> 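For reference, the structure I am asking about is given below.
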Amino acid sequence: MNRPAIVVGIVEDVNQQTLLWKHLRKRGYSHHQIRIEYKRRSNESDSRTGGLTRLYEDYAKEVEGLRAILSRRSGVLVVVADADNLTVAERIAVLDAKLVEADKPARRHDEPIFFVIPRRNIETWIHYLAGNSVDEKTDYKSRCSQTEINEAPARFANLTWPREPLPADCPPSLTSACDELWRIP
């Protein structure tokens, strides 16, 4: 596949949005080629699940939209969703089930749909990118300083592009995400 004309991303929160944007820009995609969907709702009563609920709603629509354009132009869909208490494979299985629930054909492995699934959440990666050791069971949301959050996008982009061997202590979900990101043309 040649370089896609458009990269659509769907994310749960602004930290995921910023990391994905920075990675794609470092890869050479112009801001005109990138569309990342993150819709914050002011009336969300539970911010812990609001982003994931919206992502599930948008996922089937974005897959359908991608499938519709692929006959005319190239495109890819990048889904960034925290694994939370699930494994990366379990979160992907939930996403696959959401397509079936929406009466859409199941995702084929040859479709340009890529999953970036931080385990436990994106703050695990942010804390790691700041030079800290992490495990993928601890919730690092309250441990990430604003400085770490601000510096993470550039560090993420430098880690994920160009394709180079990852550090030995790289969290497994980040390694899996790099494998996905590196497959994007």
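Numbering starts at 1 and runs along the sequence shown. These numbers were taken from a predicted model, which means no experiment stands behind them.
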> To the closest 0.5 Å, what do you measure between CD1 (I6) and CD1 (I34)?
10.0 Å
> Apply side-chain contact (heavy atoms from CB on, under 4.5 Å) to R108 and list each qualifying residue two or more places apart in sequence or on a separate chain.
D110, E111
> Do any N or O atoms from the side chain of T160 and from the backbone of C178 form a donor-acceptor pair under 3.5 angstrom?
no
> Using a 3.5 Å distance criterion without hydrogens, assess whether the side chain of Q16 forms a donor-acceptor pair with backbone atoms of E12.
yes
> To the nearest 0.5 angstrom, please state how far the CG atom of L70 sits from the CZ atom of R73.
9.5 Å
> Looking at E101 and K98, is any side-chain nitrogen of the basic one under 4.0 Å from a carboxylate oxygen of the acidic one?
yes
> Got a second to check how far C144's SG is from E151's CD, nearest 0.5 Å?
12.0 Å
> If you compare all heavy atoms of E90 against all heavy atoms of T87, which two are closest, and at what distance to 0.1 Å?
OE1-N, 2.8 Å
> R25: which residues meet the side-chain hydrogen bond (donor to acceptor under 3.5 Å, both in side chains) condition with it, sequence neighbours left out?
none
> With sequence neighbours left out, write down each residue that passes side-chain contact (heavy atoms from CB on, under 4.5 Å) with R72, or none if nothing qualifies.
I69
> With a 4.5 Å limit on heavy-atom distance, are the side chains of I184 and W161 in contact?
no
> In Å, rounded to the nearest 0.5 Å, how long is the span from CH2 of W182 to CZ of R163?
5.5 Å
> Taking all heavy atoms of P171 and all of V134, pick out the closest pair and write down the distance.
CG-CG2, 3.7 Å
> Can you list everything that forms a ring-ring contact (aromatic ring centres under 6.0 Å, His included) with H23? Sequence neighbours excluded, please.
none
> side-chain contact (heavy atoms from CB on, under 4.5 Å) between L159 and L174: does it pass, once the steps are laid out?
CA-CA 10 Å; L159 180 73; L174 183 50; 3.5 Å; yes
> side-chain contact (heavy atoms from CB on, under 4.5 Å) between L20 and Y38: does it pass, once the steps are laid out?
CA-CA 12 Å; L20 180 58; Y38 166 60; over 6 Å; no
> Between S173 and W125, what is the shortest heavy-atom contact and its length?
OG-NE1, 3.0 Å
> Residues two or more places apart in sequence or in another chain: which of them pass side-chain contact (heavy atoms from CB on, under 4.5 Å) with T18?
V14, P153
> For R143, give me all partners under side-chain hydrogen bond (donor to acceptor under 3.5 Å, both in side chains), at least two apart in sequence or on another chain.
none
> Which residue pairs pass the salt bridge (charged side-chain N to carboxylate O under 4.0 Å, His left out) test with at least one member in residues 164-185, sequence neighbours excluded?
E180-R183
> Give a yes or no on whether the backbone of P172 and the side-chain of R119 come within a donor-acceptor separation of less than 3.5 Å.
no
> Can you get from L95 to V100 by hopping between Ile, Leu, Val, Met, Phe, Trp and Tyr side chains that sit under 4.5 Å apart?
no
> What closest approach, in Å, do I126 and A152 show between heavy atoms, and which atom pair accounts for it?
CG1-CB, 3.8 Å
> Under the side-chain contact (heavy atoms from CB on, under 4.5 Å) criterion, do K104 and V63 qualify, and how do the steps go?
CA-CA 9 Å; K104 308 288 181 219; V63 169; 5.8 Å; no
> Quick one: CD1 on I113 to CG on L99, what's the gap to the nearest 0.5 Å?
6.5 Å
> Taking side-chain contact (heavy atoms from CB on, under 4.5 Å) as the definition, give me every residue that meets it alongside N85, ordered by chain and number, with sequence neighbours left out.
R120
> Do any N or O atoms from the side chain of E64 and from the backbone of K61 form a donor-acceptor pair under 3.5 angstrom?
no
> Test: salt bridge (charged side-chain N to carboxylate O under 4.0 Å, His left out). Region: residues 124-136. Which pairs qualify, not counting sequence neighbours?
none
> How many angstroms lie between atom OH of Y59 and atom CZ of R107, to the nearest 0.5 angstrom?
5.5 Å
> Can you sort out the partners of T175 under side-chain hydrogen bond (donor to acceptor under 3.5 Å, both in side chains), two or more places apart, ordered by chain and number?
none
> Test Y128 against C170 for side-chain contact (heavy atoms from CB on, under 4.5 Å), laying out the working first.
CA-CA 8 Å; Y128 171 76; C170 190; 3.9 Å; yes
> Side chains of H127 and T138: does their closest heavy-atom pair fall under 4.5 Å?
no
> ring-ring contact (aromatic ring centres under 6.0 Å, His included) with F114: which residues, sequence neighbours excluded?
none
> Work out which heavy atom in P112 is nearest to a heavy atom in G75; give both atom names and the distance.
CG-O, 3.3 Å
> For the residue pair I10 and E37, establish whether any side-chain heavy-atom pair is separated by less than 4.5 Å.
yes
> Should D84 and L52 count as side-chain neighbours, where that means a heavy-atom distance under 4.5 Å?
yes
> If you compare all heavy atoms of I122 against all heavy atoms of D82, which two are closest, and at what distance to 0.1 Å?
N-OD1, 3.0 Å
> Could you tell me which residues satisfy side-chain hydrogen bond (donor to acceptor under 3.5 Å, both in side chains) with Y56, sequence neighbours excluded, listed by chain and number?
R91
